[in-house]
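Structure, as C-alpha cells:
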Amino acid sequence: MADLLGYLATRLAPHPENIATEALTFVLQKSAPARSTLLRLASSLGNPISEALDFSSQAAVDGTGIPDIVGRTADGTERLLLEAKFWAGLTPHQPVSYLRRLKDGGSLLFIVPTVRAEFVWRELERRVRNEALSLSTSLGVGTSRGSSVAVSSHSTVTLALTTWETVIASLVDALNQFGDTATLSDVEQVRGLCRRMNDEGFLPLTTDELTSGLWRRVAQMSELIPDIIETLRVKDIAIAEGRLSHGGGWTGQKVLKMKGMNVGLYFDTSACASWFPTPFWLSLPAAAQPYLSTLSRATPRRVFEQQGSPYVALPIRTGVERPDVVVDVVCACAAIAELLPTPTPGILINAQSAPGPVDDATSHLHST
C-alpha cells in the first residue's frame, strides 16, 4: 500500500515533484506534530522559527518564481520556503530570487535525494556567490546543510538543504511519538514515492526531452573513449588490450594496463545520473583500494564500489571544447596512476579485469 503513490506518480505524472509537493503540503496542513517537526528541522539549519506557520503550495509572486511550498505567519509574512526536488534541475530563480523574496530571518529549504545532496548544495552556493551575495560558513548536520545569506544591508536569510530521507524519518518518529497513525500512513505514502524515485527513476518522456540536444551530446561523449585511450597510450599512462565493449547506457575499454594493474575506462550514463556528475569512470581491481585513501576522502565523493572493486569518477569541466574534455579525463587518470604503486617488472598485480558497469548501477554501486 505504501508504494501506491509512487506507482501512480511515476506512471501518470510528468513531474513527480509536484505529487510529492502536494502530498507534503497535505501532511503539513493536516498534522500539528508534522508542522512542528519540519520547523525544528529547518531551525536546526539556520534561522530559528518559533511562530506557527500555515502552509500552502505553488505560491507565485511576479518575478520571483513559484516555490513549491510556502509557510506563512498569521499576518501573511512568508517565513519558510520549501523546494521539493527529485531529479529536476534548478530553475533560474533558484535560489537567489527566492532568497530575495524572503524578509529578514526567513529561510529557504531544499529537499533532495540523498545522492544529490552534495552536488545540489555546491550548485546553490555557486549561484549565490555569482550574484555577489555574502554567504556564511556552512552549518553541516549529516547530509543536511545550512548557511546565512546577506541579501541586503538590512536582511539576512537562511539557505538550507536536507534530504527526503531525513525529512521522512523525522516525520515518522514524531508521528509515532504522538500516536498520529492517520498522518503516519500518509507519510509512508510519500516514503513510497521517494523509494520509487530512487529505485526506478524512469519518468514519462516529455517533448522537451525528445527535442533537446541531450541525445546528440550522449553520442558525442561516448565517441571520446577511443581518443582518450589513444592519449593514455601516447602519454604512457595506460595501454589498451582488446576492443571496446558496450552495454545498457555504457561504452568502454574493459582492459587497460595501468601501473601493473588491469583497469577499465568507461562512458557510463547510469553512474553519472546516480553518483557523480561525470560520464567518465575508471574501474580498478580490489588490490588498488588501499592506494586510493586520499581520493576516497574527497568532497564530494569520487570513489564508489562496484562488485567489491573501486569505481572512480573522472571529473570534467563545463564550457570547454572536445579536446579539453579528453585532456580532463586523461589528467584524472594520470592522477590516479600516480597513487598506485610502481610495479615489479614482469608482474601483473591483478590478472583479472576490473568489474565494468552494470545495467542497473543503482543496485550494485555504493559509496566507500
Side-chain angles (χ1 to χ4, degrees), residues 17-86 88 90-91 93-112 117 120-121 124 128 139 141 144-149 151-152 155-175 178 180 183-184 186-187 189-191 193-194:
E17 281 90 351
N18 292 341
I19 302 295
T21 292
E22 295 301 330
L24 184 55
T25 302
F26 176 77
V27 166
L28 295 173
Q29 291 174 340
K30 176 181 179 180
S31 170
R35 291 192 296 274
S36 299
T37 299
L38 187 66
L39 294 181
R40 282 196 300 272
L41 177 60
S43 297
S44 71
L45 297 172
N47 292 327
I49 304 173
S50 57
E51 62 267 68
L53 300 182
D54 292 323
F55 288 92
S56 60
S57 61
Q58 304 290 325
V61 173
D62 290 344
T64 64
I66 309 175
D68 288 335
I69 304 174
V70 177
R72 296 182 177 86
T73 60
D75 64 3
T77 300
E78 294 183 349
R79 191 76 168 81
L80 175 63
L81 304 182
L82 299 175
E83 188 62 29
K85 295 284 188 187
F86 287 128
L90 299 177
T91 71
H93 287 291
Q94 297 168 356
V96 175
S97 294
Y98 290 4
L99 292 170
R100 287 176 170 156
R101 169 173 170 161
L102 290 164
K103 296 185 182 300
D104 187 48
S107 295
L108 168 61
L109 176 62
F110 283 78
I111 306 173
V112 301
V120 173
W121 182 249
L124 292 171
V128 168
L139 168 69
V141 182
S144 300
R145 297 287 184 270
S147 186
S148 293
V149 181
V151 294
S152 69
S155 180
T156 299
V157 299
T158 290
L159 170 64
L161 177 145
T162 191
T163 66
W164 282 107
E165 182 181 24
T166 300
V167 171
I168 297 299
S170 299
L171 291 174
V172 167
D173 288 345
L175 295 171
F178 282 89
D180 189 348
T183 308
L184 181 61
D186 298 329
V187 172
Q189 291 288 335
V190 181
R191 173 180 272 170
L193 172 58
C194 294

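- If you take CG on Leu161 and CH2 on Trp121, they are separated by 6.5 Å, rounding to the nearest 0.5 Å.
- Around the NZ atom of Lys103, the shell of radius 6.0 Å holds no more than 12 heavy atoms that belong to other residues, nucleotides or ligands.
- Taken to the nearest 0.5 Å, the CG atom of Leu28 stands 10.5 Å off from the OG atom of Ser57.
- Closest non-hydrogen pair, Thr162 versus Ser144, comes out as OG1-OG, 2.7 Å.
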Full working for side chain to side chain contact (heavy atoms under 4.5 Å, CB included) between Leu159 and Phe110 | CA-CA 8 Å; Leu159 170 64; Phe110 283 78; 4.1 Å; yes
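- Across all non-hydrogen atoms, the minimal contact from Ala174 to Pro33 is CB-O, 4.4 Å.
- When all heavy atoms are compared, the tightest approach of Thr25 to Phe55 is CG2-O, 4.3 Å.
- Judged purely by atom type and a 3.5 angstrom limit, Asp180 has no side-chain atom pairing as donor or acceptor with the backbone of Leu175.
- Between the Ser170 side chain and the Thr37 main chain, no donor and acceptor come within less than 3.5 Å of each other.
- Summarising the geometry of Leu80 relative to Ala42, their closest heavy-atom pair is CD1-CB, 4.2 Å, with the distance given to 0.1 Å.
- Side chains of Leu108 and Val149 form no contact here, defined as non-hydrogen atoms less than 4.5 Å apart.
- Ser97 OG to Ile66 CD1: the interatomic distance, rounded to the nearest 0.5 Å, is 12.0 Å.
- Put simply, the side chain of Ser43 gets close to the backbone of Ile49: a donor and an acceptor are under 3.5 Å apart.
- With contacts defined as side-chain heavy-atom distances shorter than 4.5 Å, the pair Leu24/Leu171 qualifies.
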Should Leu193 and Trp164 be marked as a side chain to side chain contact (heavy atoms under 4.5 Å, CB included) after you check the CA-CA gap, both sets of side-chain angles, and the distance that decides it?
-> CA-CA 10 Å; Leu193 172 58; Trp164 282 107; over 6 Å; no
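- Side chains of Arg101 and Val70 form a contact here, defined as non-hydrogen atoms less than 4.5 Å apart.
- Of the possible polar contacts, one joining the Arg35 side chain to the Gln29 backbone as a donor-acceptor pair under 3.5 Å is found.
- Around CD of Glu165, the count of heavy atoms belonging to other residues, nucleotides or ligands within 6.0 Å does not exceed 12.
- The main-chain N or O of Thr21 is never found under 3.5 Å from a side-chain atom of Asp68 such that the two would form a donor-acceptor pair.
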Could you walk me through whether Thr156 and Asp104 pass the side chain to side chain contact (heavy atoms under 4.5 Å, CB included) test, one step at a time?
-> CA-CA 5 Å; Thr156 299; Asp104 187 48; 3.9 Å; yes
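- Ile69 places none of its side-chain heavy atoms less than 4.5 Å from the side chain of Leu81.
- Residue Asn47 holds its CG atom at 3.0 Å from OG1 of Thr158, rounded to the nearest 0.5 Å.
- Between the side chain of Glu17 and the backbone N or O of Ala88, at least one donor-acceptor pair lies under 3.5 Å.
- Side-chain atoms of Arg145 and Leu124, non-hydrogen and from C-beta on, never get closer than 4.5 Å to each other.
- Between Asp186 atom CG and Phe26 atom CZ the span is 5.0 Å, to the nearest 0.5 Å.
- Atom CD in Glu78 sits 11.0 Å away from atom CG in Leu53 (nearest 0.5 Å).
- Contact detail for Pro67 and Tyr98: the closest heavy-atom pair is N-OH, 3.5 Å.
- In terms of heavy-atom proximity, Ala34 sits nearest to Val27 at CB-CG1, 3.8 Å.
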